[in-house]
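Every value quoted in this text rests on a predicted model; they were computed, and no experiment measured them.
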Amino acid sequence: MTDNQKNLLKKIAKSHEFDALVALRDDMLKNWHEQIGTGETEWDYLRSSLKRDGKIEGVNALIQTIENMAK
């Protein structure tokens with residue numbers, strides 16, 4: 001990332017618009033946590049559970065990284 005891009009992310013993290021992103025993240029996480037793994041076999045269940053968990057971790061990591069840049 002360039003310094004300009006980092007500065008833009010810092011600016012976003014300190015803005016009111018970022019609050020909307022955090023609220024969206026919270027809603028997405030709530031929905032994903034409510035999802036139950038599915039599949040015809042234990043491997044299908046495991047795959048769907050891991051995909052869900054990966055989405056949760058990815059969204060959390062993105063928001064956390066942006067928040068850390070603002071410090």
query: Is Glu34 salt-bridged to Lys30, going by a charged N under 4.0 Å from an acidic O?
result: yes

statement: One should read off an interatomic distance between Asp53 CG and Gln35 CD, to the nearest 0.5 angstrom, of 10.5 Å

Gap between atom CD1 of Ile56 and atom NZ of Lys51 - 0.5 Å precision: 13.5 Å

- prompt: Which pairs, with at least one residue in residues 36-47 and sequence neighbours excluded, count as a salt bridge (Lys or Arg N to Asp or Glu O under 4.0 Å)?
  reply: Asp44-Arg47

task: Examine distances only and state if a side-chain atom of Arg25 and a backbone atom of Asn60 form a donor-acceptor pair shorter than 3.5 Å.
output: no

- prompt: Do Trp32 and Val59 have side chains that get closer than 4.5 Å, going by heavy atoms?
  reply: yes

task: Could you check if a side-chain atom of Glu67 sits within less than 4.5 angstrom of a side-chain atom of Val22, using non-hydrogen atoms only?
output: yes

- prompt: CD1/Ile66 to CG/Leu21 distance, rounded to the nearest 0.5 angstrom?
  reply: 7.0 Å

Value rounded to 0.5 Å, distance of CE in Met69 from CD1 in Ile12: 10.5 Å

query: What distance do Leu24 atom CG and Asp19 atom CG have between them, rounded to the nearest 0.5 Å?
result: 12.5 Å

query: Which distance, rounded to the nearest 0.5 Å, do you find between the NZ of Lys55 and the CG of Asn31?
result: 10.0 Å

Gln64: side chain to side chain donor-acceptor pair (under 3.5 Å) partners, not counting sequence neighbours: Asn68

message: When you group the ILVMFWY residues by side-chain heavy-atom contacts below 4.5 Å and let the links chain together, are Leu8 and Met1 in the same group?
response: no

field: 4.5 Å side-chain heavy-atom contact, Thr38 and Tyr45
entry: no

- prompt: Do Ile36 and Leu29 share a hydrophobic cluster (ILVMFWY, side-chain heavy atoms under 4.5 Å, transitive)?
  reply: no

field: Sequence neighbours excluded, every pair satisfying side-chain hydrogen bond (donor to acceptor under 3.5 Å, both in side chains) that has a member inside residues 5-16
entry: Thr2-Gln5, Ser15-Glu17

